[in-house]
Structure formats: structure tokens, C-alpha cells
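What you are looking at is a predicted structure, and each value in this text was computed from that prediction instead of being measured. So that the names make sense, note that chain A is the first sequence line, chain B the second, and so on, each numbered from 1.
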Amino acid sequence: MPPNSSVSRVLITSALPYINGVKHLGNLVGSMLPADIYARFQRARGRETLFICATDEHGTPAELAALDAGQPVDVYCREQHEIQKNLGAGFDLSWDYFGRSSSPENRQLTQEFARDLWRNGHLDVRTTRQVYSNADGRFLPDRYVIGTCPHCGYDRARGDQCENCTRVLDPTDLINPRSALSGSPDIEIRDSAHLFLKQSAFAGRLRTWIDSKKDEWPQLVTSIAYKWLDEGLQDRGITRDLAWGVPVPDDIGDGQLKGKVFYVWFDAPIEYIGATWEWANATGKGDVWRDWWDEDATTSYVEFMGKDNVPFHTVGFPCTLLGVNDSASRKWKLVDRLKGFNWVNYYGGKFSTSQKRGVFMDAALEILPADYWRYYLMANAPESADSNFTWEHFAGTVNKDLADVLGNFVNRVTRFCAARFDGIVPEGGAYGPEEAALAAELDRRIAAYTDYMEAMEFRKSTAELRAIWVLGNEYLTKAAPWTAIKTDRDRAAVSVRMGLNLVRLFAHLSAPFIPSSAKKIHGAVMAAPDLIPWPDQPMAQFLDGLTPGQPIQPSDVLFAKLTDEQIAAWEQRFGGTS
RNA sequence: GGCAGCGUAGCUCAGUGGUAGAGCAGGGGAAUCAUAAUCCCUUGGUCGGGGGUUCAAAUCCCUCCGCUGCUACCA
């Protein structure tokens, strides 16, 4: 459902990529990339848009990765943040701000939110039993304890679940338990006090809220949210025994929480707000950033994420905000529209960092420009089910859609114009019935395309976009200016002029998906504006946009075709086997 | 074990009660402006199996099978 007409601003957040290393294509397509495409679309439509992302930097894996790298954790995170920021830029992700969950802004907000929750009676202190490893000198999350599964005998079962028989476990169930870090069996159970968010008390309010969204959100999202509600919301620990994180303030919990930090899933979503504040501080916006998060503002707030993140965004974070809002003078906005994605698999299996299996953002950019990936990934986005990456499928899509249908269209029109009309937009003749029919068909298709984009249906959007490109080839084949020019120069001039206007149109319509190529395409017929707007006038008018007599700059090949040799080499390099 | 999603043409996927669809791949034709690129026509399916409801089922109900994920301290 599109935002209603009273909505003037769009706030977009992408799930925060975890700090621990370069992200793979599945991470990209599940959150950051669709968020970018939607942000570009909304900007092109003229809506005031704020697109926020950040690195999620706290938690056990960050500490362990830093340990592994032999770096202090803050130094490690600073370096990894820069790496991810640069890769985002390489993929043309148009963040208004790319923040850090370890920022001072987020620390302050997280502590304030916790104080409000404490004051409003939504937190309490409970003693839990945690595994402590003497050899590692730290508490271990359940899954960092390994041992023999009491059910199936698998000797490397994790403390939360046995990967072999899939049974849910408790670390104390394991036979011969040991630390997954050091392998040491010198572990013990210690009591540890932690803050709990009393989520159970929010079940009714959450269900009412989800009910109000269920017709609008993807079924993937609501079914996950309902599952949590139906099973009964449990109170959730929001602190951890770690060194790296937002410290629990002394005035919460009567001093029982000294030295503890907030759980990463408590502070990470707050960083959506924190990064907005970082953005304001970095760009001299003052306090206006707070308006973006007002509950009653005419702002549409849209979140993008992979399905693993859905419970935290439909239950955890909303609980935090509802609980804070109980005493807030300005109430915080909950998400209006939530787009969740499934996984992308690599030749039927998972992407794996440790096994160097699959394609990661840095390697992807080494071998091809961002637009190749952006288009392919969104055209095959895992919207209704997990999708599967293969090099053959990737190359087939790029070669057919981008090179043959779009790239070749731009090339054939501009080169014919250069060869037969001296590289200037031809004068003479007038649009007739064929051109009117084309404009009418384009009006229909662009309306459908626009609706799909508003609805964040990305596969359908790219299919419609492709169908629009095909209309260009159909028209040109029917009009056949290479034949007409032998007998009727004006008729040829009309169809070439139309072809060039179509080139400009395709740049406008393609820009959210392939921004860099769209600029090139636009530049072939007319200098491109910084922000290429979404066409909102009737096509009969838009397709008269180029001035006869103006020069064009025929493009070079826009999309090089991928060869069998390249595909074979990439399969070998990235471990792709069927 | 429980829960969720998925199962439709060779491949990737639309389609949620009313004559089974698209793109790619395959086959035939047209055209020669273009990256041998395009355009037109076309061959492919008892919609995972079985049972039921209905005038009518890919669609609703029951059951079974298969794949994937989640199962609250990984994020």
C-alpha cells in the first residue's frame, strides 16, 4: 500500500550490518540494497527522504574478532566501519548517514531509554546462571559452549542447539562441555544479575499494533511476529557480561549491574535514532533530527531487513519504544512499513565466510561494476522464498536484460543517429499514431511500475522496467528508420527522435536500480541532472523533451557481456559448483 | 519435537475459487540500425502425492512427502 497523500517525508532504515567483516551478497540484498533503491525512488519522486544506516558494533563476535585480529576492539571496529562504509559507497548506496552503534549519541540515547524503561517499571533485575570459562576469562554465550549432544551423540553440539539433530539444548545438557573459544573444559556456572525487559506485559499492545499492519506487511513478516505472540512473549535479558558495549548507568538496578553492558540487540535498533542524531551533528542540522522520529509527524517510516531480524523489529524494539513512550513528552515513532527478505543461497548452500564460499561485497566490486550486481540482485530478490545464486543465472540476466535489451537499445539508437543524422536530434516530421500508441502503452506500464515500487515489490518492479525497455526495441523494429530513411527522411527523423527520447526516459526510470549507468545513458542524449526525477507527466509530453537540433554523445558499450571464460574462472575462484 | 515459509513448464518465478501464465532456455520466421545485439510466432505443465468441500480447486479443508529457516544468550 503506498503511503497516503498526507505523507510528505519518508524515513528509511536498513538493518545494520554487523561489524564483524565484509558482508556477502545475501546481506546486501536483504537490507541495504533495497533500502537504497527505495530511497532513490522516493527522492526522485520529490519526497523529502532520510536514509539511515550504521554498523552494529557491540556483542561477543566483535570482541572475539578483535581478539583474533590482535587489535583493541575499538580500533578494530573503527577500521571495519571504514571498510564497510567504503564498500557501501562502492555499491552506490546513497546513505544520508552511515553511523556507528558505538557512537556517543547512541550511548546517550540507549542509556536514556533504559532509564525511562526503569522509571516506568518495565525493567527488573534477575539473577541468571551463565557459563563462565576460566581459561578464557569471560562469560560464554550458550552457543560458545560445545560438547557432546545427549540426544544424538554428536560431539560438537552447541550449547543452544545441536546442529546434527537440530534439538534445542541448554549448555548444562551437554556431555563433556568445553569452551568453543579455547577448547578448555575448565568452565563453571556462575550467578549473574541482569536487567530484563518485561516484554510479556506488552503482548496485548503489540498484537493490536501488528493487527493494524497485517494487511500491509509481507506475510513473511506478520507470520513471524504472530508466532512470537502466539507462543507467549517472554521477558528478555537486555544486559550482558561483556566489556565492549554501552555501559549500564549506575542509577539503574541499585548497583547490581556494575560493569555490565547492554545487549547488542537492545542498543542496535536504537542506533537508527542515534545515527539520525549523528547525521544532524555531522551536518549542522541542530535539533531538527528529532522531528523525523515524532510519532505524529507526517512521516512514513520504512524498515528493510532479512528475516532473521524480524522478531527484533516487530517485538523487541517496539517494546522498547512503547515502554519509553509511556512517559515521553514527544512520543517516538514505530515503524509504518516493514519489508523483510529471505536468504540468498550460493549453489543451494549457505554463503560461508569461514569456508570462503560465495561472493562478498569487496570481491564483487573487484570483478564487475556495482550496477551489474544491483540489477541482478533486485531482479531476483528473495521476496517470497530463499533464492539461489549461480554464475550462469547471473550472467544470463546481465547479458540478456542489461546488455542486449537495454544497453543495445541505447547503442543502436545513438549510433544510428550519429551515422545518419550527424549526431544531432533530428528535426522534421511529427509524431503520429504509432508514437501515440507507444506513449499510451508507456503510461500504463509506468503506472504499474510506480505502484510496484511504492509497494516495494522489487521482482515485479524490475520485470516491469524490463518490459518498458522491450517496448523501445519493439517500436524501433516496427518503425525501422534504417528502411524509412531511403524513401522518407522525415519519417526516419521522427522515429530516431522518439528513440532518443526513449533513451532519456529509460535513464529516468532505471536510475533507482542502476544509478551510475542511468547517468551515462542520460548523458548520451542530454546532460544528466544530479537528481534524475521520476517522470510524472504524460508520456506524450515527456517524449517531446529533447530539442531537435541539439547534439548527442553516442555511448560506448554500457554493459559488457559476460563470457563463458569469465564464468568458469569465477566459479573456480568463488567455489561455485552445482 | 514445535512453528513458519516454500513445492506451478528444462531453469528462475507470477498467479489465493471461474478456460493454467511471464522471462530465460528450445524450435520456426522476419529484419540488418546495433554489443550476432533485436522483433514476431511457437513447442513445453494431470500446479509435490492422496483424500475431501464446491456447479467450479494451483487457490479452501484434512493428511502424507520433500526442501529451507526459526525455536528467545550468535547477530
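- A centroid separation of less than 6.0 Å is found between the aromatic rings of W373(A) and F394(A).
- Residues forming a side chain to side chain contact (heavy atoms under 4.5 Å, CB included) with R445(A) (at least two apart in sequence, or on another chain): E441(A), E464(A), A467(A), I468(A), L471(A).
- Across all strands shown, F312(A) has heavy atoms under 4.0 Å from base atoms, whether or not it also approaches the sugar-phosphate.
- Using a 4.0 Å heavy-atom cutoff across all strands shown, W343(A) reaches sugar-phosphate atoms only and no base atom.
- An anti base is found at G69(B): its glycosidic angle is more than 90° from 0.
- The nearest whole Å value for the distance from the CD atom in E57(A) to the C1' atom in A75(B) is 14 Å.
- Proximity note for R412(A) (side chain, C-beta onward) versus A37(B), G5(B), C33(B): the nearest is C33(B).
- Screening residues 375-390 of chain A for side-chain hydrogen bond (donor to acceptor under 3.5 Å, both in side chains) gives K307(A)-D386(A), K339(A)-E383(A), Y375(A)-D401(A), Y376(A)-H393(A) as the qualifying pairs, with residues at least two apart or on separate chains.
- Remark: V168(A) pairs with no residue by the side chain to side chain contact (heavy atoms under 4.5 Å, CB included) rule, at least two apart or across chains.
- Among residues at least two apart or in separate chains, side-chain hydrogen bond (donor to acceptor under 3.5 Å, both in side chains) pairs with a member in residues 221-232 of chain A are R207(A)-D230(A), D211(A)-Y226(A).
- Ring stacking is absent between F416(A) and C33(B), as the pair misses the limits of under 5.5 Å between centres and under 30 degrees between planes.
- Heavy atoms only, all atoms of each residue included: F409(A) and V503(A) are closest at CE2-CG2, 3.9 Å.
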Q) In dot-bracket form, how is RNA chain B paired, counting a Watson-Crick or G-U wobble pair only if both its distances are under 3.5 Å and using | for bases paired to another strand? A) ((((((((.[[[[.)..(..]]]].(((((.......))))).....[[[[[..)....]]]]])))))))....
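- Listed by first and then second residue, the salt bridge (Lys or Arg N to Asp or Glu O under 4.0 Å) pairs that reach into residues 404-425 of chain A are D404(A)-K561(A), sequence neighbours excluded.
- For F139(A), the ring pair (Phe, Tyr, Trp, His ring centres under 6.0 Å) partners two or more places apart in sequence, or in a different chain, are Y132(A).
- Remark: K400(A) is in phosphate contact with U38(B), judged by side-chain N or O atoms under 4.0 Å from OP1 or OP2.
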Write down the protein N/O and nucleotide N/O pairs, taken from nucleotides 40-44 of chain B, whose separation is under 3.5 Å; answer none if there are no such pairs.
residue : atom : partner : partner atom : Å
C40(B)  : OP1  : E474(A) : OE2          : 3.2

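- Residue F139(A) is out of contact with every strand shown, counting any heavy-atom pair closer than 4.0 Å.
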Q.
Counting primed atoms plus P, OP1 and OP2 as sugar-phosphate and everything else as base, spell out the protein contacts along nucleotides 8-15 of chain B at 4.0 Å heavy-atom distance: B, S or - for each nucleotide, 5' to 3'.
A. ----SSSS
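- Among C74(B), A37(B), C73(B), the nucleotide with an atom closest to any side-chain atom of H194(A) is C73(B).
- For Q84(A), the side chain to side chain contact (heavy atoms under 4.5 Å, CB included) partners two or more places apart in sequence, or in a different chain, are P17(A), K23(A), T55(A), F98(A).
- With sequence neighbours excluded, the residues satisfying side chain to side chain contact (heavy atoms under 4.5 Å, CB included) with A15(A) are S31(A), Y272(A), M305(A), N309(A).
- A search for ring pair (Phe, Tyr, Trp, His ring centres under 6.0 Å) contacts involving F202(A) returns H122(A), not counting sequence neighbours.
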